[in-house]
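Order of listing sets the numbers, starting from 1, for every ligand and every atom in it. For the numbers below, each heavy atom of this structure counts, side chains included, while hydrogens, waters and symmetry mates do not. Since the structure is predicted, the reported quantities are computational estimates derived from the model, not experimental observations.
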Amino acid sequence: MATLRIKFRPLPAASFAGLAGFILLASCLGYGQAVNSCLDCHSAQPGRLEVTPEKFSQDIHAQKGLTCVSCHGGDATSYDPDQAMSRKAGWKGKVDRRQIPQLCGSCHSNPAYIRQFDPSLRTDQLDQYHTSVHGKRLAAGDAKVAVCIDCHSVHDIRPPSDPRSTVNPVNVAKTCSRCHSDAAYMKQYGIPTDQFAKYNISVHHDAMVVRGDLSAPTCTTCHGNHGAAPPGVDKVQNVCANCHAFQAQMYEKSTHYKAFQAASLPGCVVCHSNHGIHLPSDAMLGTGPGGVCMKCHAPGDRCDRARVAILSNLTQLDGAIKDADQALHLAESSGMEVSEARLAQDQARDSLTKARVTIHTFQPTLVDQDVQAGMKIAAANLKAGKDAMVERNHRRIGLGICFIAIAMMLIGLWLYIRKLES
Ligand code: HEC
Ligand code: HEC
Ligand code: HEC
Ligand code: HEC
Ligand code: HEC
Ligand code: HEC
Ligand code: HEC
Ligand code: HEC
Ligand code: HEC
């Protein structure tokens, strides 16, 4: 009932003139078009009150025909601020951060409403958000967590598919890092603030941002867009299996799986980490700085012996492939034809890749099976390279003998001609 009194900031004369001009211009432009006093007036407002047509026209809501009033309420036909922004006209007042999820959800959780625009658009964002750490903490009164507009921006909200959207997969990590890399902002929570820095140099960032492989994960692929975890994943640490199915299948049958579960250790993350995942190498199986096994196993025990066996197996195949490569290269540069063996080298390399996946059984005999398959091919290719060189030597010798024979024949001919002449 009570009418709200807007405390009007005293505007300098120039602003009034500007405003009057703007209103005049706006009414000319608005001829035959719905007026939007909110946009007209706010595009001339200073600082955080400014909302320009340039910005708002980028917003999916404006593009779908929604206006300021759709979210804020009020009377967009009136240029009198007391009338335009009156509670009587439905104006909701200053938007409190804590109310934002409810505001967005008032449309986005309404399937009947959303269906009119896009039947395929999900309507579970608010429900999901309530299950996330952000949503739970907000409900408990902490307004520092992310609300809808911290991830989506406001007044220029774009669909995620737009490359300029703050939630486009390529931009998500930067959006999260605004808070999560800000040590001062996050101080009171006592959690690490290195997720972005580590992710930024990981294989996943490299795949997505550098090589444009959108099947690689960014923050929200693992943590969920709105919920505590992505759909179908009970714990974030189990998300790796969604994409690395072969490794996961083997790992889940291993002794480690049961042992790690019993000790509440985070599976793949124990050896690969979560944010700073790097390209694995045989060093992970070693005892040097990159080694992961000796954090838990003791030198000489059963598991350490298994580690040594696996490592030496891999090193052996790696060496055999390199030797064969070298022999084939030498043969090729001597002009010999070894393209078949060259192709077969790919099979040997595939065996090595397979063996590195089979590692996740942590059983040397199984890794050995893949390695032996590769060793056989590599040995055959090495032989092909060496045979080619032997063949080349034979040809050289043959060529030499021919050369000598021709030379001797020519000398004989020459002697014979000399004899005839004399
Ligand atoms: C003639 C100019 C004018 C018109 C028309 C106008 N506003 Fe405002 N609006 C203002 C000014 C000035 C303020 C700042 C008031 C204050 O600080 O007390 C304001 C404040 C607001 C705020 C609160 C900002 C905050 O967080 O403190 C919102 C939201 C808002 N306007 C939305 C609207 C909407 C929606 C409409 C149209 C229905 C509209 N305005 C029409 C000038 C206008
Ligand atoms: C999709 C919903 C939505 C639409 C459409 C929308 N707004 Fe807002 N607006 C918000 C939200 C949410 C906030 C709160 C932002 C914050 O707390 O930083 C806000 C904040 C504001 C503010 C205050 C800014 C501040 O920092 O306090 C003004 C002024 C405003 N809007 C004006 C407008 C005008 C004018 C339009 C139309 C051109 C408009 N809004 C359209 C959702 C919307
Ligand atoms: C008045 C109803 C309404 C409100 C309030 C509202 N939206 Fe929307 N929103 C829509 C409609 C309608 C669409 C267009 C759906 C379509 O056709 O893609 C949309 C689209 C979107 C999209 C793009 C979806 C896509 O993939 O196409 C995002 C993101 C979005 N809204 C976020 C928000 C956020 C964040 C808020 C709160 C600040 C909000 N919306 C408030 C009605 C609303
Ligand atoms: C922590 C960041 C974050 C918050 C908070 C957040 N979103 Fe999103 N939202 C995303 C991301 C990331 C996507 C993009 C998903 C994709 O790539 O398709 C998205 C997508 C959407 C979409 C497009 C349809 C869909 O579900 O994929 C809508 C609509 C949407 N969000 C609305 C909301 C609303 C409403 C809220 C508040 C209740 C909200 N979002 C809060 C990050 C967030
Ligand atoms: C507006 C700042 C802000 C933004 C933006 C933001 N967050 Fe948060 N986030 C927080 C705060 C504050 C917490 C609460 C810290 C706590 O107590 O765990 C939090 C908590 C979390 C947690 C739970 C951490 C834990 O305690 O286990 C995850 C996961 C998370 N955020 C992921 C994300 C992702 C992913 C994005 C980007 C899509 C994002 N956040 C964007 C502020 C933000
Ligand atoms: C490959 C999956 C993956 C990606 C990508 C990822 N995270 Fe995580 N994140 C995890 C896992 C797993 C945990 C451990 C959580 C657990 O055990 O429940 C975690 C933990 C966290 C935590 C809790 C605090 C901590 O560091 O342990 C925050 C906050 C967080 N991640 C934010 C982010 C942000 C921000 C990004 C993007 C820059 C990101 N994450 C990218 C998988 C991922
Ligand atoms: C959304 C799918 C997805 C998720 C989830 C995911 N990854 Fe990846 N991962 C990829 C893609 C794509 C690559 C790049 C492969 C390439 O280089 O071709 C990759 C690369 C890797 C690599 C380097 C392997 C190589 O040969 O390049 C490792 C190790 C890895 N991921 C481990 C993990 C771990 C551990 C997790 C869980 C914490 C995880 N990934 C979650 C998709 C995913
Ligand atoms: C006990 C440690 C350990 C655990 C647990 C573990 N890995 Fe690995 N992972 C390794 C080692 C060691 C290598 C290979 C190092 C090498 O190249 O010789 C590797 C290699 C990889 C590779 C690269 C394989 C390739 O093609 O070169 C991927 C991808 C991978 N792991 C994903 C995972 C996933 C997903 C999980 C969980 C399901 C997981 N790992 C669990 C130790 C582990
Ligand atoms: C986080 C601690 C941890 C790490 C890291 C770890 N292990 Fe284990 N490993 C265990 C536990 C616990 C068991 C089960 C108890 C046991 O058999 O000793 C186990 C069991 C094993 C077994 C016996 C498997 C069986 O089926 O009998 C082998 C082999 C093994 N680990 C090798 C490795 C190798 C190789 C690495 C490095 C790539 C590694 N472990 C890294 C903790 C770890």
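- At a heavy-atom distance under 4.0 Å, no atom of E252 approaches ligand 8.
- Numbered from 1 in the order shown, with element, the atoms of ligand 8 that lie under 4.0 Å from a heavy atom of C271 read 1 (C), 2 (C), 3 (C), 4 (C), 5 (C), 42 (C), 43 (C).
- Checking only distances, H152 does come within under 3.5 Å of ligand 4, N or O to N or O.
- Distance from atom 27 (O) of ligand 2 to its nearest protein heavy atom, with residue and atom name: R48 NH1, 2.4 Å.
- Of all protein heavy atoms, the one closest to atom 15 (C) of ligand 2 is I149 CD1, 3.6 Å.
- Among the heteroatoms counted here (N, O or S) of H155, NE2 is the one nearest to atom 8 (Fe) of ligand 2.
- By the criterion of a heavy-atom distance under 4.0 Å, the side chain of L285, and not its backbone, is placed next to ligand 8.
- Remark: minimum distance from atom 14 (C) of ligand 2 to any protein heavy atom is reached at V95 CB, 3.7 Å.
- At the shortest separation from atom 3 (C) of ligand 2 among protein heavy atoms lies C71 SG, 2.8 Å.
- The ligand atoms of ligand 8 that sit less than 4.0 angstrom from a heavy atom of A248 are 38 (C).
- At least one N/O/S atom of H272, whether from backbone or side chain, sits less than 2.8 Å from atom 8 (Fe) of ligand 8.
- Taking distance alone, with nitrogen or oxygen atoms compared against 3.5 Å, Y251 stays at or beyond that limit from ligand 8.
- Considering only non-hydrogen protein atoms, atom 9 (N) of ligand 2 sits nearest to H72 NE2, 2.8 Å.
- Closest to atom 32 (C) of ligand 2, if we only count protein heavy atoms, is V51 CG2, 3.6 Å.
- Summarising the contacts of atom 26 (O) of ligand 8 with I310, T353, I359, L265, the nearest heavy atom is found in T353.
- For ligand 8, the atoms lying closer than 4.0 Å to a non-hydrogen atom of M284 are 10 (C), 11 (C), 12 (C), 42 (C).
- Ligand 8 lies out of reach of V270, whose nearest heavy atom is not under 4.0 Å from it.
- With a 4.0 Å heavy-atom cut-off, ligand 8 is reached by the backbone of S281 but not by any atom from C-beta on.
- Closest to atom 34 (C) of ligand 2 among all protein heavy atoms lies C68 SG, 3.5 Å.
- Of the protein's non-hydrogen atoms, V154 CG2, 3.7 Å is the one closest to atom 11 (C) of ligand 2.
- For ligand 4, the atoms sitting less than 4.0 Å from at least one non-hydrogen atom of C151 are 1 (C), 2 (C), 3 (C), 4 (C), 5 (C), 42 (C), 43 (C), numbered in the order shown with element in parentheses.
- Close N/O approach between T220 and ligand 4 is not found [any backbone or side-chain N/O within under 3.5 Å].
- Here the protein heavy atom with the shortest distance to atom 6 (C) of ligand 4 is H226 CD2, 3.3 Å.
- With respect to atom 23 (C) of ligand 8, the closest heavy atom belonging to the protein is P280 CG, 3.6 Å.
- Looking at K94 next to ligand 2, no N or O pair under 3.5 Å apart turns up.
- Salt bridge status for D142 with K144: absent, with no side-chain N to carboxylate O gap under 4.0 Å.
- Residue H244 has no nitrogen or oxygen atom sitting less than 3.5 Å from a nitrogen or oxygen atom of ligand 8, judged on distance alone.
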